[in-house]
Amino acid sequence: MRAVVAARTGGDDPLANLEVGDVDEAVLRPGWAMVHFAAGSINHHDIWTLRGVSATPIVPPHVLGCDLAGSLFGYADDEVADDLPKPSSRVVVHGVVRCGHCVACRGEEAAPCRSARLFSETPVAGTFSDQVLVPAQNLIALPDSVRFDVAACLPTAYLTAYHMLFTRAALRPGMNVLVHGVSGGVASAAILLANLFGITVYATSRDEEKRALALELGATEAFAPARETARALIERTDGMGVDAVVETVGEPTWELSLRSVRAGGIVLVAGATGGLNPPAQLNRIFYRNVTVAGSSMGTLTELRHLVELCAPGRLKPLIGSTYPMELAEEGFREVLRGTARGKVVLI
Ligand SMILES: NC(=O)c1ccc[n+]([C@@H]2O[C@H](COP(=O)([O-])OP(=O)(O)OC[C@H]3O[C@@H](n4cnc5c(N)ncnc54)[C@H](OP(=O)(O)O)[C@@H]3O)[C@@H](O)[C@H]2O)c1
Ligand SMILES: [Zn+2]
């Protein structure tokens, strides 16, 4: 079957490690299901994998891809729970693969699985292949009104944004949030979702066109990620600073995040595309009672809610471009260069 793979990792050019080629057919095993690929969106995670930056080293060639929407072919097991989608259903797949046997998976501890993996993280194959094996419990039925390309945006970027805003930061209507890096998948999702739920959004981008895009997506105001922007944000928020910051850029925006957040506010960190190691500036954190919260992906229930928001068209994920899987390199180039307007989807 055809697949988008990391044929190598490391080096200076991640795209030189990307290939579209033939890989062995997937073989079903108990507890798992097989899905025919219809669409999957590219995430910066796929670029990290090509760079050789991953929690667990991969052994190339390894199939890339965290997100999947498609048609359910069937299950390994003859009998499955009644609430699981029936074969031939349209489905979207929750991207967190649980180990199934740690204390959290056994239900003895209310915490995430201790050794959860995303699709494409060893030993789990990624989703960019004609057929994809997925844990049966990760399947969510997709209403006919939600297109495959739309659903393919939800499992990583939109779920991460949703979990940050509403679970980690518990933002409510009337509050405000600062989002950096407007056109990134998580950032554009955060702007759309916060706006949908009555949260005032301020955004930053290095690029003037992307700042205009932020306003189109519902942000109240967009700024350059410059030092003076903190003062402007404090003015806009009655001298307080913002309730929360969605930080996925890292080094280039970290100081601005800490300067802009209000005393007692929260800086949510889900990524560091621009660099991992900014000066911590601990004084800005403890003196003003700021919470710095890591955030990773989200739950199956949260993904279901996102599907429910898309079904009547309340949430319309921003898709910048769509490519057939064979032209994956074009899509990866957009994500690498940061030129995409929102998500880049493979079909
Ligand atoms: N924790 C999780 O579960 C999770 C889930 C999804 C993503 N992530 C991580 O979150 C990050 C964002 O991922 P993504 O796929 O949404 O988007 P992305 O492709 O990483 O782009 C994010 C945005 O960052 C800005 N940016 C990039 N490099 C920059 C630099 N050097 N200086 C300033 N800004 C820069 C760009 O915005 P402008 O050009 O507008 O400034 C870009 O649009 C990644 O690091 C990814 O690994 C984590
Ligand atoms: Zn587990």
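Atoms within each ligand, like the ligands themselves, are counted from 1 in listed order. From a predicted model like this one, the values you see are computed outputs, not experimental measurements. Residue numbers run from 1 in the order of the sequence given.
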Pairs of nitrogen or oxygen atoms closer than 3.5 Å, one from Ala187 and one from ligand 1: do any exist? no
Nearest non-hydrogen protein atom to atom 21 (O) of ligand 1, with distance, is Gly184 CA, 3.7 Å
Please check whether Ala157 reaches ligand 1 - meaning an N/O of the residue sits under 3.5 Å from an N/O of the ligand, judged on distance alone. no
Please confirm whether Asn43 comes within less than 3.5 Å of ligand 1 when only nitrogen or oxygen atoms on both sides are compared. no
Does the structure place the NZ or CZ of Arg236 under 6.0 Å from the centre of the six-membered ring of Tyr202, at an angle of no more than 45° from the ring's axis? no
Heavy atoms only, cut-off 4.0 Å: how does Arg206 contact ligand 1, side chain, backbone, both, or neither? both
Does any N or O of ligand 1 fall below 3.5 Å from an N or O anywhere on Gly274, backbone included? no
Within-2.8 Å protein N/O/S contacts of the Zn ion (ligand 2): Cys99 SG, Cys102 SG, Cys105 SG, Cys113 SG
Can you figure out which of Ala189, Ser205, Ala190 has its heavy atom closest to atom 38 (P) of ligand 1? Ser205
Checking contacts here: is it the side chain or the backbone of Asp207 that comes within 4.0 Å of ligand 1, counting heavy atoms only? Could be both or neither. neither
Would you say ligand 1 has an N or O under 3.5 Å from any N or O of Thr204? no
Ser295: heavy atom below 4.0 Å from ligand 1, yes or no? yes
Would you say the side chain of Val59 lies within less than 4.5 Å of the side chain of Thr122, judging by non-hydrogen atoms? no
Pairs of nitrogen or oxygen atoms closer than 3.5 Å, one from Ala270 and one from ligand 1: do any exist? yes
Could you pull out, from Thr253, Thr273, Val335, the option with a heavy atom nearest to atom 27 (C) of ligand 1? Thr273
